[in-house]
Amino acid sequence: MTRLVIGVIGSAADTAPGSVVDILDVAARVGAAAATAGAVLVSGGTTGVMAAASRGAREAGGLTIGFLPDADRSRASEFVDIAFPTGMGTIRNLLTPRVCDAVVMIGGGAGALNKLRVAYNFGIPVVAVAGTVG
């Protein structure tokens, strides 16, 4: 049986100026909810929203995967179980949404918007969390 794959995209920063919520708390709760539902969590594998979502998923007993922009596996968040060191920089933005059954956007900038566009183009459901700016 294939497991559901949920992607989390968003800011690599620890805060989102103008946000009405703590984006890292939201990301951790989304990650935990995905894991509790039995889904695999996929992210960009680095800092900010990606690390928080992976932490939430890991703490809830889930599996986390990160598509890293660097070729160096050690750059992955400590909460990533399987790191793919792509060495592709921002081109790796194509990978996250393409492998997901749904994507959750929590804040973010141009990179998150790029992933959102890819998901939309391929008919992958997207949830944008209100109040997280981006």
Side-chain angles (χ1 to χ4, degrees):
M1 179 169 83
T2 302
R3 290 175 66 181
L4 186 67
V5 178
I6 302 296
V8 172
I9 60 176
S11 178
D14 289 337
T15 61
S19 178
V20 297
V21 297
D22 178 345
I23 62 168
L24 301 186
D25 179 59
V26 170
R29 287 189 283 137
V30 167
T36 300
V40 173
L41 185 109
V42 172
S43 75
T46 61
T47 60
V49 163
M50 298 169 280
S54 295
R55 176 177 48 82
R58 166 92 60 82
E59 289 174 354
L63 176 67
T64 63
I65 297 172
F67 288 106
L68 307 177
D70 304 308
D72 182 358
R73 186 180 309 274
S74 71
R75 303 271 313 228
S77 158
E78 66 184 290
F79 304 107
V80 170
D81 296 311
I82 301 170
F84 292 106
T86 70
M88 298 170 69
T90 59
I91 296 171
R92 70 113 162 56
N93 290 349
L94 294 170
L95 300 173
T96 301
R98 289 294 292 136
V99 303
C100 295
D101 296 301
V103 173
V104 179
M105 182 174 174
I106 304 167
L113 186 58
N114 189 6
K115 292 178 192 100
L116 177 82
R117 183 196 56 79
V118 171
Y120 177 81
N121 282 349
F122 286 95
I124 298 163
V126 176
V127 173
V129 179
T132 62
V133 300

Quiz item: Any chain of hydrophobic side-chain contacts (each under 4.5 Å) joining Phe84 to Val99?
Solution: yes
Self-check item: Single-linkage hydrophobic cluster, 4.5 Å side-chain cutoff, Val126 and Val8 together
Solution: no
Quiz item: From Leu4 CG over to Asp101 CG, what is the distance, rounded to the nearest 0.5 angstrom?
Solution: 4.5 Å
Quiz prompt | Considering all heavy atoms, the nearest Thr36-Ala60 contact | solution = OG1-CB, 4.0 Å
Practice problem: Going by the side chain to side chain contact (heavy atoms under 4.5 Å, CB included) test, name the single residue among Val129, Val127, Val21 that passes it with Ile106. | Solution: Val129
Quiz item: Is the backbone N or O of Glu78 less than 3.5 Å from a side-chain atom of Arg58, with the two atoms forming a donor-acceptor pair by type?
Solution: yes
Validation: residues 86-95 side-chain donor-acceptor distances under 3.5 Å, sequence neighbours left out:
residue : atom : partner : partner atom : Å
Thr86   : OG1  : Leu68   : O            : 2.5
Thr86   : OG1  : Met88   : N            : 3.1
Arg92   : NE   : Phe67   : O            : 2.5
Asn93   : OD1  : Lys115  : NZ           : 3.3
Asn93   : ND2  : Thr90   : O            : 3.2

Quiz item: Do Val5 and Tyr120 share a hydrophobic cluster, counting only Ile, Leu, Val, Met, Phe, Trp and Tyr and linking them when any side-chain heavy atoms are less than 4.5 Å apart?
Solution: no
Quiz item: So do the side chains of Leu116 and Val103 get within less than 4.5 Å of each other, counting heavy atoms only?
Solution: no
Quiz item: Should Ile6 and Ile23 be regarded as members of a common hydrophobic cluster, given that ILVMFWY residues are connected when their side-chain heavy atoms come within less than 4.5 Å of each other, either directly or indirectly?
Solution: yes
Exercise. Could you tell me which non-hydrogen atom of Ala52 sits nearest to which non-hydrogen atom of Ala27, and how far apart they are?
Key: CB-CB, 3.8 Å
Exercise. Can you see which heavy atom on Arg3 is nearest to which on Gly38, and at what distance?
Key: NE-O, 3.2 Å
Quiz item: Is Arg75 reaching over with its side chain to a backbone N or O of Thr46, donor-acceptor style, under 3.5 angstrom?
Solution: no
Quiz item: Does Thr64 use its side chain to pair, donor to acceptor, with the backbone of Phe79 at less than 3.5 Å?
Solution: yes
Quiz item: Should Ile9 and Leu41 be regarded as members of a common hydrophobic cluster, given that ILVMFWY residues are connected when their side-chain heavy atoms come within less than 4.5 Å of each other, either directly or indirectly?
Solution: no
Quiz item: For the side chain of Ser77 and the backbone of Gly45, is there at least one donor-acceptor N/O pair under 3.5 Å apart?
Solution: no
Practice problem: Please name the pair of heavy atoms, one in Ser54 and one in Ser43, separated by the smallest distance, quoted to 0.1 Å. | Solution: OG-OG, 3.8 Å
Self-check item: Closest approach of Gly107 to Ala112 (non-hydrogen atoms, all atoms of both residues)
Solution: O-CB, 4.0 Å
Practice problem: Apply the test side-chain contact (heavy atoms from CB on, under 4.5 Å) to residues Ile65 and Val40: give CA-CA distance (whole Å), side-chain angles for both, the deciding distance (0.1 Å), then the verdict. | Solution: CA-CA 8 Å; Ile65 297 172; Val40 173; 3.7 Å; yes
Quiz item: Between OG1 of Thr132 and CG of Asp25, what distance do you get to the nearest 0.5 Å?
Solution: 12.5 Å
Self-check item: Nearest non-hydrogen partners of Ala12 and Met50, listed with the distance
Solution: CB-CE, 3.8 Å
